[in-house]
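Okay, so here's the structure we're looking at.
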Amino acid sequence: MNTHIPKHLEHLRHTLSHLMAAAVLEIRPDALPTLGPAIENGFYYDFDFPTPITDTDLLEIEKLMKKLLPTWKEFTHREVTKEEALEQFKENPYKQELIEEIVSRGEKLTLYTCGKFTDLCRGGHVEHPNKDIDPNAFKLSHIAGAYWRGNEKNKMLSRVYGLAFESKKDLDEYIKQTEEAKKRDHKKLGKELDLFFIDEKVGKGLPMWTPKGTALKFELENFTRDLERKYGYEHVSTPYLGGEELYRTSGHLDHYSKNMYAPIDMDGDLFYLRPMACPHHIRMFQRKSWSYKDLPVRYAEIADYNRYEQSGELMGMIRVRKFQLTDAHVFVAPEGLKEEFKDVCRMIIEGLNGLGFSNIVSYRFSKRDPKNTEKYFQNDELWNTAESLMQEALDELELPYVTAEDEAAFYGPKLDVQAKNVNGKEDTLFTAQIDFLLPEKFNIEYTSTDGTKKRPVMIHRSTIGALERTFAFLIEHYAGEFPTWLSPVQVSVLPISDKHLSYAQEIYSTLKKHNIRTELDDSNETLGKKVRAWKISKTPYSIVLGDNEMKEKTLAVEHRSGIKESVSLSVFIEKISKEISNRTY
RNA sequence: GCCACCUUAGCUCAGUUGGUUAGAGCAGCUGUUUUGUAAACAGCAGGUCCCCAGUUCGAAUCUGGGAGGUGGCUCCA
């Protein structure tokens, strides 16, 4: 994760971790320091505080860091024995655990000292902190909880985050940039542009799409289904409830139950709100027998899912408890798997291009960690086959990807399409997965050329991800200025005065008849105010209508980019219809 | 779920050391105005100060508990 940070910046940031720990220990001698690395944009240090630390403590710590910095002239270090190290940190069980671990790995133990502060550390600092660090180029930013060693079963520590750059200018620039980014925040724009809202009485993580948001959602649905039809998918509709046995068979109750809503008991039968539709599509497939000639069979559905995400994980439209995934399941013969997976990738790329996302996403090849026996089903052969096949397909397509261990689904490896939100946090937009397991569990079959029964492989894949999350990324990517085809309102008609109202109504209803999403501003306001309202709404086009237009039978059209033209209604309709049907900006 | 922070009108925000009837702008409504490219003028209406307890003569303000949100951790589409 930190590999792309330039070395000197990483050293600077790591040095500041030490300096912060030193300052914290002067103010709070009872705090136990644990670990403090450099990260993107800054650094952090995790402490175990016997009494809680709050935001107001940050200022004091930062002030002391700046006071200590001039006394930090040079780092010295020495190698120590395990006994010495354990003695040095005899009151700190966290450091003791680290010492044991370092020793068991056969590595050397080193202590680094600067000023009056000594820490267990493998090195990587600036040589002369007092000269190499600009005291105005760092700033403590916030406090957050973090589990010791990243494991939720461990104690939660307090992580103090700081920002750090080479110069004050870089720091200021970064702060300015993050402020700019926040203006694109989908939660903020969603409210301002009236696209969706989340009501606490309906429930957290359960967003509702407003009329404007829904107009955009329907476009996404059409886009998805058109693309799927083009790639040979058939659409199905299945219920968002499923019986207990279905999820028992699929393994979801064993591997996924903590993310599933509690079952509904009706007359002794248990029903689950589905977290995914694979079992439904499998049962759909199994309604009849299939020949090798029929494969691949591709069932697509924009499916409703309910997943009980932990409350702290919820976030706007990006992380919710009820969402619609543009999902599909492909049943393919093993010999056709690689080619089919490549086709899936091609479709995904086409979808990303269509949404304008091709430059903001990255690809992640997510494999299992064979050591994590709790998360993944156990069958080395199937895993190896699936992973190597997927890798071959990705390599043959020359898709630029990074490999990630321990990120697979419980039933198979994934290709993840990753994107960063306005806070710089990376999320999975959607995935494609190869699955040998569910065909096994459900005993899915087709008849092979020689008349014997064979087992197909499944591909789980999404076309453009969850509509909610994709919507959020669209809002942030376009800052609310959606391409015309996606815009909730495509044209605002602005009559200058009441005199022009009937002409405006005529234009308005003609545009509506041509399926162009149009709004008529018939308010009793000045043109300036109507134009302002139109600009704020980020609607692509406005049409101003006054005496001139009525006389000449024309429209004064303005695009939100500022381009103005005077055209006839028929010319405008032709132009915008083309823009909409081509799904262009 | 855990850690930190936030919550006042539909929205954005004021609100002094606890002290009459909690304010403003925008949006809304009514009227006047009939407007040529980013805010006409006037009036009206709009509040369980997130909720519940407690302290106090008196709580938007202090204390405790809870809810929701945001940023992290864990998790993940």
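Each chain gets a letter, A, B and so on, in the order its sequence line appears, and its residues count up from 1. Keep in mind it's a predicted model, so treat the numbers as computed, not measured.
Using a 4.0 Å cutoff on non-hydrogen atoms, the parts of residues 537-547 of chain A near RNA chain B are A:Val544, A:Gly546, A:Asp547, ordered by number. Near RNA chain B, meaning a heavy atom under 4.0 Å away, the residues from residues 560-567 of chain A are A:Lys564.
B:rC5 and B:rC57 have their C1' atoms separated by 34 Å, with the value rounded to a whole Å. Using atom C1' as the reference point in both B:rA59 and B:rG64, the two lie 15 Å apart (nearest Å). For B:rC13 and B:rU17, the P atoms lie 22 Å apart once the distance is rounded to whole Å. Rounded to the nearest Å, the gap between the P atom of B:rU20 and that of B:rA67 is 33 Å. When the C1' atom is compared between B:rG71 and B:rG58, the two are found 38 Å apart, to the nearest whole Å. Taking atom P in both B:rG23 and B:rG47, one finds a spacing of 14 Å when rounded to whole Å. Going from the C1' atom of B:rG28 to that of B:rG19 covers 34 Å, rounded to whole Å. To the nearest whole angstrom, the two P atoms, one in B:rU37 and one in B:rU21, are 50 Å apart.
A salt bridge is defined here as a Lys NZ or Arg NE, NH1 or NH2 lying under 4.0 Å from an Asp or Glu carboxylate O, and A:Glu525 with A:Arg532 fails to meet this definition. Ion pairing between a basic and an acidic side chain is recognised when a charged N comes within 4.0 Å of a carboxylate O; A:Glu558 and A:Lys535 show such pairing. Ionic pairing of A:Lys414 and A:Asp416 is present here: one or more N-O contacts between side-chain nitrogen and carboxylate oxygen are shorter than 4.0 angstrom. Remark: A:Lys217 engages A:Glu221 in a salt bridge, criterion side-chain N to carboxylate O under 4.0 Å. Between A:Lys182 and A:Asp185 there is no salt bridge, since none of the side-chain N atoms of the basic residue sits less than 4.0 Å from a carboxylate O of the acidic one.
Residue A:Ile143 contributes atom CD1, which lies 13 Å from atom P of B:rC3 at whole-angstrom precision. Between A:Glu192 atom CD and B:rA27 atom C1' the separation is 13 Å, expressed in whole Å. Note: NZ (A:Lys188) to P (B:rG71) measures 14 Å, nearest angstrom. Regarding A:His500, its NE2 atom lies at a distance of 14 Å from the C1' atom of B:rU37, rounded to whole Å.
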Enumerate, atom names and distances included, each donor-acceptor pair closer than 3.5 Å involving a side-chain atom of residues 423-431 of chain A, sequence neighbours excluded.
| unit_1 | atom_1 | unit_2 | atom_2 | d |
| --- | --- | --- | --- | --- |
| A:Glu426 | OE2 | A:Gln418 | NE2 | 2.8 |
| A:Thr428 | OG1 | A:Gln418 | OE1 | 2.6 |
| A:Thr431 | OG1 | A:Gln433 | NE2 | 2.8 |

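Every residue two or more places apart in sequence or in another chain that forms a salt bridge (Lys or Arg N to Asp or Glu O under 4.0 Å) with A:Lys183 is listed here: A:Glu180. By the salt bridge (Lys or Arg N to Asp or Glu O under 4.0 Å) test, A:Glu60 is found to be paired with no residue, residues two or more places apart in sequence or in another chain being considered. In this structure A:Glu173 satisfies the salt bridge (Lys or Arg N to Asp or Glu O under 4.0 Å) test with no other residue, sequence neighbours excluded. For A:Arg307, there are no salt bridge (Lys or Arg N to Asp or Glu O under 4.0 Å) partners two or more places apart in sequence or in a different chain.
Note on A:Asp327: nothing from the nucleic acid sits closer than 4.0 angstrom, heavy atoms only. Counting non-hydrogen atoms under 4.0 angstrom, A:Lys187 reaches the backbone sugars and phosphates but no base. If you check every strand for non-hydrogen atoms under 4.0 Å, A:Ala533 touches nothing. Counting any heavy atom pair closer than 4.0 Å across all strands shown, A:Glu525 reaches a base atom. Among the atoms of the strands shown, only primed sugar atoms or phosphate atoms (P, OP1, OP2) are found under 4.0 Å from some heavy atom of A:Lys191. Nucleic acid contact class of A:Leu157 (heavy atoms, under 4.0 Å, all strands): none. Nucleic acid contact for A:Lys529: sugar-phosphate only, since backbone atoms but no base atoms lie under 4.0 Å from a heavy atom of the residue.
Not less than 6.0 angstrom separates the ring centroid of A:Tyr231 from the ring centroid of A:Tyr233.
Between A:Ile464 atom CD1 and A:Met347 atom CE the span is 10.5 Å, to the nearest 0.5 Å. Atoms CD1 and CD, on A:Ile302 and A:Glu228 in that order, are 6.5 Å from each other to the nearest 0.5 Å. Once rounded to the nearest 0.5 Å, the distance linking OH of A:Tyr261 with NZ of A:Lys322 reads 11.0 Å. Atom-to-atom distance recorded for A:Thr214:OG1 and A:Met208:CE is 11.0 Å, nearest 0.5 angstrom.
Of the residues A:Met317, A:Met315, A:Glu192, the one that meets the side-chain contact (heavy atoms from CB on, under 4.5 Å) test with A:Lys187 is A:Met315.
Mapping A:Ile536 and A:Leu314 onto RNA chain B via the closest heavy atom, the residue that lands nearer the 5' end is A:Ile536.
The side chain of A:Leu527 approaches B:rU37 more closely than any other nucleotide in the set B:rA38, B:rC5, B:rU37.
Remark: RNA chain B forms stems of 3 or more consecutive Watson-Crick or G-U wobble pairs, all pair distances under 3.5 Å, at B:1-7 with B:67-73, B:10-13 with B:23-26, B:28-32 with B:40-44, B:50-54 with B:62-66.
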Atom pairs under 3.5 Å: protein N/O with N/O of nucleotides 73-77 of chain B:
| unit_1 | atom_1 | unit_2 | atom_2 | d |
| --- | --- | --- | --- | --- |
| B:rC73 | O4' | A:Gly145 | O | 3.1 |
| B:rC73 | O2' | A:Tyr147 | N | 3.0 |
| B:rU74 | O2' | A:Glu152 | OE2 | 3.1 |
| B:rU74 | O2 | A:Gln310 | NE2 | 3.4 |
| B:rU74 | O2 | A:Glu313 | OE2 | 3.3 |
| B:rU74 | N3 | A:Glu313 | OE2 | 3.1 |
| B:rC75 | O2 | A:Glu313 | OE1 | 3.1 |
| B:rC75 | O2 | A:Glu313 | OE2 | 2.9 |
| B:rC75 | O2 | A:Arg319 | NH1 | 3.0 |
| B:rC75 | O2 | A:Arg319 | NH2 | 2.7 |
| B:rC75 | N3 | A:Arg319 | NH1 | 3.2 |
| B:rC76 | O4' | A:Arg319 | NH2 | 3.4 |
| B:rA77 | OP2 | A:Lys414 | NZ | 2.8 |
| B:rA77 | O3' | A:Thr428 | O | 3.1 |
| B:rA77 | O2' | A:Thr428 | O | 3.0 |
| B:rA77 | O2' | A:Leu429 | O | 2.5 |
| B:rA77 | N6 | A:Glu309 | OE2 | 3.4 |
| B:rA77 | N6 | A:Val320 | O | 2.8 |

Listing time: all N or O pairs from protein to nucleotides 64-68 of chain B that are below 3.5 Å?
| unit_1 | atom_1 | unit_2 | atom_2 | d |
| --- | --- | --- | --- | --- |
| B:rG68 | OP1 | A:Lys204 | NZ | 2.9 |
| B:rG68 | OP2 | A:Lys204 | NZ | 3.0 |

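Taking the six-membered ring where the residue is Trp, A:Phe138 and A:Phe43 present perpendicular rings, their angle passing 60° and hence far from 30°.
Among residue pairs with one or both ends in residues 535-567 of chain A, those qualifying as ring pair (Phe, Tyr, Trp, His ring centres under 6.0 Å) are A:Tyr541-A:His559, A:Tyr541-A:Phe572; sequence neighbours excluded.
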### Task
If a protein heavy atom is under 4.0 Å from the base, mark B; if only from the sugar-phosphate, S; if neither, -; do that for nucleotides 42-47 of chain B going 5' to 3'.
------

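Close to B:rA40, at under 4.0 Å from its OP1 or OP2, lies a side-chain N or O of A:Thr526.
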